[in-house]
Amino acid sequence: MTALVLLPGMMCDAGLWQGVLPQLNVTGPVSCGDLSQGESIEEMATMVLDRCPPAFVLLGFSMGGFVAREILRRVPERVKGLALIATSSAADSPMQANFKAAMAGKLRLDSGPFRGLSHRAIKLSLSPRHEDNPQLVQQILDMSLRLGRETWIRQLLMARNSDSHLLSAIRCPTLVVAAAEDRMRSLAESRALCEAIPHAEFRLVEDSGHMLPLEQPQPLAAILTEWITRCIDCR
């Protein structure tokens, strides 16, 4: 049995994985890392690593993929496999960084109650087919409300530096999963990530936007359990 550590993305918590967990539990004990604290990817990695089992497979979604790779670089002997979901190794562009900084500034000036992610931001994170799904929209909104304004500000201001030049050093089994209708991370980014990691495998999930674990939990869980069983448990 293989222990799994699941890392969410920006303004996501363990609720991100609720539809995936029933199938993943059969592979071994599962824990969900908390990325709500820390001022940097490195600080997040330190906090997660303090609670990790002696050996584990890392699953990183979006921002969690950056944290997962930072953990792997620190303790490669403990990480038995790496799954990177709807993520990238690219740095924020200056335009993206400026936009995030401006948004954080507005949040700081707002003295009213925090209302969570905007409906526009939530819709962008989903595929066109799912963007008006009330259950999905509410799930994403609820996660952002649980995490709160200060977490959102910290994550917006966090430097997102490229680690593309370090990917060739990854030696554990690696899986890259992309969503066909992701409007936040391009398919080209996912393929470039996969191609830069030695012997990495690539899977594409149809009918999903960026929020792949919520939009297509069963296909994602099936991909992950097959990969873990074939590449990890048999090693």
(request) Given side chain to side chain contact (heavy atoms under 4.5 Å, CB included), test Asp13 with Asp34 step by step and report yes or no. (result) CA-CA 7 Å; Asp13 58 17; Asp34 179 6; over 6 Å; no

(request) Find out whether Val57 and Val79 are in side-chain contact, i.e. whether some heavy atom of one side chain is under 4.5 Å from a heavy atom of the other. (result) no

(message) Distance alone, cut at 3.5 Å: any donor-acceptor contact between the side chains of Thr46 and Arg74?
(response) yes

(message) Closer than 3.5 angstrom, by distance alone: can the side chain of Arg171 be matched with the main-chain N or O of Ser168 as a donor-acceptor pair?
(response) yes

(request) State, to 0.1 Å, how close Trp227 and Leu175 come at their nearest heavy-atom pair, and which atoms those are. (result) CE2-CB, 3.6 Å

(request) Kindly determine whether Arg69 and Leu167 satisfy side chain to side chain contact (heavy atoms under 4.5 Å, CB included), including the steps that lead there. (result) CA-CA 9 Å; Arg69 295 192 299 273; Leu167 298 177; 3.7 Å; yes

(request) For residues Leu109 and Lys106, determine if any side-chain heavy atom of one lies less than 4.5 Å from a side-chain heavy atom of the other. (result) no

(request) For the residue pair Lys100 and Met95, establish whether any side-chain heavy-atom pair is separated by less than 4.5 Å. (result) no

(message) What I want to check is whether the side chains of His199 and Thr174 have a donor and an acceptor closer together than 3.5 Å.
(response) no

(message) Please say yes or no: joined through hydrophobic side-chain contacts below 4.5 Å, possibly via intermediate residues, are Leu124 and Met211 part of one cluster?
(response) no

(request) Could you tell me whether the side chain of Glu215 and the main chain of Gly209 form a donor-acceptor pair under 3.5 Å? (result) yes

(message) For Ser36, is there any backbone N or O sitting under 3.5 Å from a side-chain donor or acceptor partner on Arg154?
(response) yes

(request) For the pair Asn133 (side chain) and Leu136 (backbone), establish whether a donor and an acceptor sit closer than 3.5 Å, ignoring hydrogens and angles. (result) yes

(message) Using a 6.0 Å cut-off, check whether atom CD of Glu77 has over 12 heavy atoms from anything other than its own residue.
(response) yes

(message) Quick check for you: to the nearest 0.5 Å, what is the distance between Leu84 atom CG and Ser62 atom OG?
(response) 11.0 Å

(message) On the six-membered ring of Phe56, is Arg78 placed so that its NZ or CZ lies under 6.0 angstrom from the centre and within 45° of the ring axis?
(response) no

(request) Indicate, with yes or no, if Leu107 and Met11 share a hydrophobic cluster defined by side-chain heavy-atom contacts under 4.5 Å among Ile, Leu, Val, Met, Phe, Trp and Tyr. (result) yes

(request) Using a cut-off of 6.0 Å, state whether more than 12 heavy atoms not belonging to Glu226 lie near its atom CD. (result) yes

(request) Flag the pair Leu187 / Asp182 as yes when at least one side-chain heavy-atom distance between them is below 4.5 Å, and no otherwise. (result) no

(request) Report yes if some heavy atom in the side chain of Val137 is under 4.5 Å from a heavy atom in the side chain of Asp132; otherwise report no. (result) no

(message) In the structure I gave you, are the side-chain heavy atoms of Met103 and Trp152 within less than 4.5 Å of one another anywhere?
(response) yes

(request) Using distance alone, with no hydrogens and no angle criterion, decide if Ser208 and Gln216 have a side-chain donor and acceptor under 3.5 Å apart. (result) no

(message) Would you say that Gln18 contacts Gln139 through its side chain, given a criterion of any heavy-atom pair below 4.5 Å between the two side chains?
(response) yes

(request) Take Glu201 and Arg230 through the salt bridge (Lys or Arg N to Asp or Glu O under 4.0 Å) test and state the conclusion after the steps. (result) CA-CA 12 Å; Glu201 298 183 25; Arg230 177 171 51 83; 2.8 Å; yes

(request) Give a yes or no on this: more than 12 heavy atoms of other residues, nucleotides or ligands lie within 6.0 Å of atom CZ of Arg129. (result) no

(message) Assigning hydrophobic clusters by single linkage (Ile, Leu, Val, Met, Phe, Trp, Tyr; side-chain heavy-atom cutoff under 4.5 Å), is Met47 placed with Leu72?
(response) no

(request) Of all the heavy-atom pairs spanning Ser164 and Ser89, show the shortest one and how long it is. (result) OG-OG, 2.7 Å

(request) Mind running side chain to side chain contact (heavy atoms under 4.5 Å, CB included) on Arg185 and Thr87 for me, showing each step along the way? (result) CA-CA 6 Å; Arg185 286 296 179 188; Thr87 189; 5.5 Å; no

(request) Walk me through it: do Ile197 and Phe202 pass the test side chain to side chain contact (heavy atoms under 4.5 Å, CB included)? (result) CA-CA 11 Å; Ile197 299 173; Phe202 181 82; over 6 Å; no

(message) Contact between Glu181 and Leu126 at the side-chain level, heavy atoms closer than 4.5 Å - yes or no?
(response) no

(message) Set out, in order, the CA-CA distance, both residues' side-chain angles and the distance that settles salt bridge (Lys or Arg N to Asp or Glu O under 4.0 Å) for Glu150 and Arg108, then state yes or no.
(response) CA-CA 9 Å; Glu150 292 306 315; Arg108 281 180 168 157; 5.9 Å; no

(message) Is there a continuous path of hydrophobic side-chain contacts, each under 4.5 Å between heavy atoms, that joins Leu16 to Met184?
(response) no

(request) Classify the angle between the aromatic ring planes of Trp17 and Phe61 as parallel (below 30°), tilted (30 to 60°) or perpendicular (above 60°). (result) perpendicular

(message) Starting from Leu166, can I reach Leu7 by hopping between I/L/V/M/F/W/Y residues whose side chains sit under 4.5 Å apart?
(response) no

(message) Could you report the tightest heavy-atom contact between Pro53 and Val5, atom names first, then the distance?
(response) CD-CG2, 3.9 Å

(request) Give the minimum heavy-atom separation between Ala45 and Glu70, together with the two atoms involved. (result) CB-CG, 3.5 Å

